[in-house]
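Everything on this sheet refers to the single structure shown next.
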2 protein chains.
Amino acid sequence: MSLKYAVLAALLEGEASGYELSKGFDVSLANFWPATPQQLYRELERLAQDGLVRARTVQQERRPNKRMFTLTEAGRAELGAFAAEPPKRPMAVRDELLIKIQAMDGGDPEATRALIEERMGWSRGKLDRYRRVQSRLLDGRTEDEYLRETDRVGPYLTLMAGISFEQENVRWCERVLTVLRRRVALG
Amino acid sequence: MSLKYAVLAALLEGEASGYELSKGFDVSLANFWPATPQQLYRELERLAQDGLVRARTVQQERRPNKRMFTLTEAGRAELGAFAAEPPKRPMAVRDELLIKIQAMDGGDPEATRALIEERMGWSRGKLDRYRRVQSRLLDGRTEDEYLRETDRVGPYLTLMAGISFEQENVRWCERVLTVLRRRVALG
DNA sequence: CTCGCATAGTCAATTAATTGAATAGGTGTG
DNA sequence: CACACCTATTCAATTAATTGACTATGCGAG
């Protein structure tokens, strides 16, 4: 249900094709509302039929044509209404790793350690990418300066959420590794 | 795909009915692998057919009969194998609120503030429940003492993940509220 | 020159998830 | 004493998501 609004929100940044969304989604909305390319194409089609989005086909040479999508006024209005009302479903996390951790006892601690290291590396990478987006936005200014000057705080606030989430993730991994080391030592 | 293992992991705690899982899931595995009752019943049925779980019907008076499920050795083995190999899918977060925050600019800041307050209250409540589970587990001991004495660290480590996740959530909400207050003041 | 990847999608099949209702006695509230 | 909610599931219908393949061209590496 909310993919609809995620797509509309993504188009606040400007015109985009389904392909571009399915790529660039990765640095923003995909972090809290993941979607496959197929989902995006289907959703854009529906939005266009409902008049929330306008499509135009861009003829291209030496590459397939693409369809570019823009928010319509109706789309902007629907998104605004959505943004003001309370969420229908609470936030949900799905994390296979935590199932594995829950079930780790009795298994090989070395295998568990490897899983945690992998997650930690992944989170650090994500954090780096977030930080790069952040300094591109700040562009030399402090956070306070930026927030005073910009007209759109929304994207920055969600970026902050991503950053603190991954920071906490890394910290948790470190604590787990400490526990695992002690376990192995005391065997 | 992983619901299967989430259910098996839940049964590590001991025999349980579908109904109990659909309730008690809430204080542990449901936090990182949510499932509706219907999903659980279906999954338990499949697991029983695959021999990973054994079912027995418990006759009850003044209440509907229930089917209690236990892990079989085969189930335990499959779960152990699962726990040792790397996750197929990365962790995913789905959060409607963040879509609303992303799209908040131009809307009513007061409405946004209300949404954040709501989330903060919810996270604080979750945190309280986690902390109650934690002190029940610790039972007067320090964390270090507990981790040295217990044979199962897994559930405690996932509990730690939940606690630090919600703590960070509350902190993020506070930062957002600060930003919103400044916006309104300078607006 | 071939292999594979990037662009920019579409289509179809299967699997999974969501929603709502049905059953049926028991327990608690005003 | 009526109404709603708890226990404990099952069933069916619809909607959504996942997976893999298919089209077609261009570009760069080896």
Side-chain angles (χ1 to χ4, degrees), chain A residues 1-7 10-11 15-27 29-30 32-50 53 55-70 87-94 96 99, chain B residues 1-7 10-11 15-26 29-30 32-50 53 55-70 87-96 99:
Chain A
M1 281 287 91
S2 306
L3 178 57
K4 172 178 171 181
Y5 300 102
V7 170
L11 291 178
E15 199 180 26
S17 70
Y19 192 76
E20 283 164 0
L21 286 182
S22 79
K23 302 271 112 166
F25 228 55
D26 188 63
V27 286
L29 280 141
F32 44 88
W33 206 271
T36 61
Q38 289 79 356
Q39 276 176 281
L40 293 174
Y41 285 122
R42 239 186 302 125
E43 201 59 49
L44 284 166
E45 203 49 62
R46 243 176 298 185
L47 290 171
Q49 272 170 4
D50 296 353
V53 137
R56 68 187 178 97
T57 303
V58 176
Q59 232 70 24
Q60 289 190 125
E61 299 178 4
R62 17 191 124 262
R63 81 206 16 265
N65 297 340
K66 58 179 171 180
R67 300 179 71 204
M68 299 291 284
F69 298 88
T70 331
K88 295 260 158 24
R89 295 175 221 309
M91 165 195 43
V93 177
R94 279 208 132 77
E96 237 182 274
I99 304 177
Chain B
M1 281 287 91
S2 307
L3 177 57
K4 170 178 172 182
Y5 301 102
V7 170
L11 291 178
E15 197 180 28
S17 70
Y19 192 75
E20 284 164 358
L21 286 182
S22 79
K23 304 269 111 168
F25 227 55
D26 188 61
L29 280 140
F32 43 88
W33 207 271
T36 61
Q38 290 79 357
Q39 277 177 280
L40 292 174
Y41 285 120
R42 237 184 308 124
E43 201 59 50
L44 284 166
E45 202 50 62
R46 243 176 299 184
L47 290 171
Q49 272 169 3
D50 295 352
V53 138
R56 67 187 181 97
T57 302
V58 176
Q59 232 69 26
Q60 290 190 124
E61 297 177 5
R62 18 189 123 264
R63 167 176 307 284
N65 297 341
K66 56 178 171 180
R67 299 178 71 205
M68 299 291 284
F69 298 88
T70 332
K88 295 258 158 21
R89 296 175 220 310
M91 165 196 43
V93 177
R94 277 208 135 75
D95 192 349
E96 237 182 272
I99 303 178

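Below, chains carry the letters A, B, ... as their sequence lines are ordered, and counting in each starts from 1. A quick note: this is a predicted structure, and the numbers were derived from the prediction, not measured.
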query: side-chain hydrogen bond (donor to acceptor under 3.5 Å, both in side chains) with A/Arg56: which residues, sequence neighbours excluded?
result: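 So A/Arg56 forms a side-chain hydrogen bond (donor to acceptor under 3.5 Å, both in side chains) with A/Glu15.
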task: Tell me, please, which residues at least two apart from A/Gln39 pass side-chain hydrogen bond (donor to acceptor under 3.5 Å, both in side chains).
output: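 Only A/Thr36 meet the side-chain hydrogen bond (donor to acceptor under 3.5 Å, both in side chains) criterion with A/Gln39.
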field: For chain A, the stretch of DNA chain D it reaches, first to last nucleotide, under 4.0 Å of its heavy atoms
entry: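 Listed 5' to 3', the contact boundaries are D/dA16 to D/dG26.
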- prompt: How would you list, by chain and number, every residue that makes a ring-ring contact (aromatic ring centres under 6.0 Å, His included) with A/Phe69, sequence neighbours excluded?
  reply: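 If we apply the ring-ring contact (aromatic ring centres under 6.0 Å, His included) test to A/Phe69, skipping adjacent residues, there are no hits.
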Are [X] and [Y] close enough that some pair of their side-chain heavy atoms sits under 4.5 Å apart?
| X | Y | answer |
| --- | --- | --- |
| A/Gln59 | A/Thr57 | yes |
| A/Met1 | A/Arg89 | yes |
| B/Leu47 | B/Leu11 | no |

field: A/Glu20 with A/Lys23: basic N within carboxylate O range, under 4.0 Å
entry: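 Here A/Glu20 does not pair with A/Lys23 in a salt bridge, since their nearest N and O are not under 4.0 Å apart.
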task: Output yes when B/Arg46 and B/Glu43 qualify as a salt bridge under the 4.0 Å nitrogen-oxygen rule, no when they do not.
output: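 Looking at B/Glu43 together with B/Arg46, the answer is yes, because their closest N to O distance falls below 4.0 Å.
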- prompt: Mapping A/Leu3 and B/Phe69 to their closest nucleotides on DNA chain D, which lands nearer the 5' end?
  reply: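 Closer to the 5' end of DNA chain D: B/Phe69.
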query: Which residue, B/Arg89 or B/Met68, contacts DNA chain D at a nucleotide closer to its 5' end, judged by nearest heavy atom?
result: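 Going by which nucleotide is closer to the 5' end, it is B/Met68.
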task: Output the residues of residues 34-43 of chain A in contact with DNA chain D, where contact means a heavy atom of the residue under 4.0 Å from an atom of the strand; sort by number or write none.
output: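 Residues of residues 34-43 of chain A that come under 4.0 Å of DNA chain D are, in numerical order, A/Thr36, A/Gln38, A/Gln39, A/Arg42.
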Check against side-chain contact (heavy atoms from CB on, under 4.5 Å), B/Leu3 and B/Leu40: CA-CA 8 Å; B/Leu3 177 57; B/Leu40 292 174; 4.2 Å; yes
query: What integer distance in Å separates B/Lys66:NZ from C/dT23:C1'?
result: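 It is 19 Å, rounded to the nearest whole Å.
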task: In whole angstrom, give me the gap between the P atoms of D/dA4 and C/dA21.
output: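 15 Å, rounded to whole Å.
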Give every pair of a protein N or O atom and an N or O atom of nucleotides 5-7 of chain C that lie under 3.5 Å apart, one pair per line with the distance.
residue: C/dT7; atom: OP2; partner: A/Tyr19; partner atom: OH; Å: 2.5
residue: C/dT7; atom: O5'; partner: A/Tyr19; partner atom: OH; Å: 3.3

message: Rounded to the nearest 0.5 Å, what separates atom OG in B/Ser22 from atom CG in B/Leu44?
response: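 One gets 10.0 Å once the value is rounded to the nearest 0.5 Å.
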